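Here the structure comes first, spelled out in structure tokens, and everything after it is commentary.
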Number of protein chains: 2
Amino acid sequence: MVKATTTQQDWVDAAYSAFLADGLAAVRVEPLARVLGATKGSFYWHFADRAALVGAVVERWEAQETDAVIALAEAGGTPAQRLEALFGAVARMRRTPATALLYTQAAAEGVGDAVRRVSQRRVDYLAGLLVELGHGPDEARRRSLVALATVLGLQQLEHVGLDALDDPGLVPTALAMVLAEPLSRP
Amino acid sequence: MVKATTTQQDWVDAAYSAFLADGLAAVRVEPLARVLGATKGSFYWHFADRAALVGAVVERWEAQETDAVIALAEAGGTPAQRLEALFGAVARMRRTPATALLYTQAAAEGVGDAVRRVSQRRVDYLAGLLVELGHGPDEARRRSLVALATVLGLQQLEHVGLDALDDPGLVPTALAMVLAEPLSRP
DNA sequence: ACCTGAACACCGTTCAAGT
DNA sequence: ACCTGAACACCGTTCAAGT
């Protein structure tokens, strides 16, 4: 039995695949219509415009990010173990163009809010760990912000051809930088 | 005396302004033609295609970046003073959307090489300072890579609405993280 | 209710024709 | 040598018309 109609889900599924492969810019109505064997007119029955589809894609991304953070938090262990697990996950993450592209595309595509919420959640989780490890709340927040920025920046460098994530000594270095005691400045 | 013709320089100037304001995506032939009071046909006399204009824009950006690094290096002082100056410059840099957008757009726009060269030069400069400050070359390179990534990532977070660079304690924190002695891991 | 097909706008690209 | 203006392709968007 062949599917009779193209559902809203079909559009989001196809758009999400395109997003994972090539970022939000790849979420385009006409090419997706070709992939789905539908017309653009069909798309505009299910969605108000392209922005609505982009919104649905980012909503799905946000939900999966939230699940991932919760899974990390529930994995348990000591704060130090959870920090190790977090850095391990980051080290394994590597080349996912979608995420590397997302932050700069977010504002232009009108989904900056969702990306900001996800970022905040990540910073909060890491800051919680650092507080458990004995840092003060302000210092913990700053270090977490810097750590997230580092991960995002390394993905960008990777994306531009600097094989930053290949260096096996880099993640330990970053870990040390996040954990280290603050220096008194000269 | 009114200028008779639209020169190649005029196109690059207009394109560079658009780039500084809104990133490479804003380098578009037809809107620039409107701004310059010329036709698209005129553009295609001076340039092979839009990619050539984007290339010229990034070339100018690369040249100015190089000048900036050289100026920093020639400023002199002790390595610690130069490091302070570098972080001060970064702290003052703040909201330049163009740079924040550039890294993710670079690959798609075919100018990844120029961006990679600029990144490499920045890392090399900082790593040199860290070596002068007593770090080993590998550790210095890793810390420099992480530091550049941090700056790029903070720009992205800023761009998405997390007021990361507003926190006055953040740059000292980042400085401490770059300078700190490596930890032995647990 | 859901879709097609044609239309229009926007921008990249080409090119014959003008000066 | 340099430019105009019209044409085409691509994709977002609208809509009358079909089932």
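First the proteins, then the strands, lettered A, B, ... as listed; each starts at 1. Worth saying up front: this structure is predicted, and the values here are computed from it rather than measured.
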> For Ala149(A) and Leu154(B), which heavy atoms make the closest approach, and how far apart are they?
Replying inline: CB-N, 3.4 Å
>> Checking Thr150(A) against Thr150(B): is there a side-chain donor and acceptor pair closer than 3.5 Å?
In response: yes
> Does the side chain of Tyr103(A) pick up a donor-acceptor pair with the side chain of Ser119(A) at under 3.5 Å?
Replying inline: yes
>> Enumerate the salt bridge (Lys or Arg N to Asp or Glu O under 4.0 Å) contacts for residues 44-56 of chain B, please, sequence neighbours excluded, ordered by first and then second residue.
In response: Arg50(B)-Glu109(B)
>> If you count every heavy atom of other residues, nucleotides or ligands that lies below 6.0 Å from Glu132(B) atom CD, does the total exceed 12?
In response: yes
> Checking side chain to side chain contact (heavy atoms under 4.5 Å, CB included) against Val58(B), which of Val111(B), Leu53(B), Val118(B) comes through?
Replying inline: Val111(B)
>> Here's a test for you: under side chain to side chain contact (heavy atoms under 4.5 Å, CB included), which of Val57(B), Thr6(B), Val27(B) qualifies with Trp11(B)?
In response: Thr6(B)
>> Walk along nucleotides 4-19 of chain C from 5' to 3' and tag each nucleotide B, S or - by protein heavy-atom contact under 4.0 Å, base first, then sugar-phosphate.
In response: BB-----BBBB-----
> DNA chain C: stems of at least 3 consecutive Watson-Crick or G-U pairs, cut-off 3.5 Å?
Replying inline: C:4-8 with D:12-16, C:12-16 with D:4-8
> Does Ala127(B) offer a backbone N or O that forms a donor-acceptor pair with the side chain of Ser144(B) under 3.5 Å?
Replying inline: yes
> So does His46(A) get a side-chain nitrogen or oxygen closer than 4.0 Å to the phosphate oxygens (OP1/OP2) of dC3(C)?
Replying inline: yes
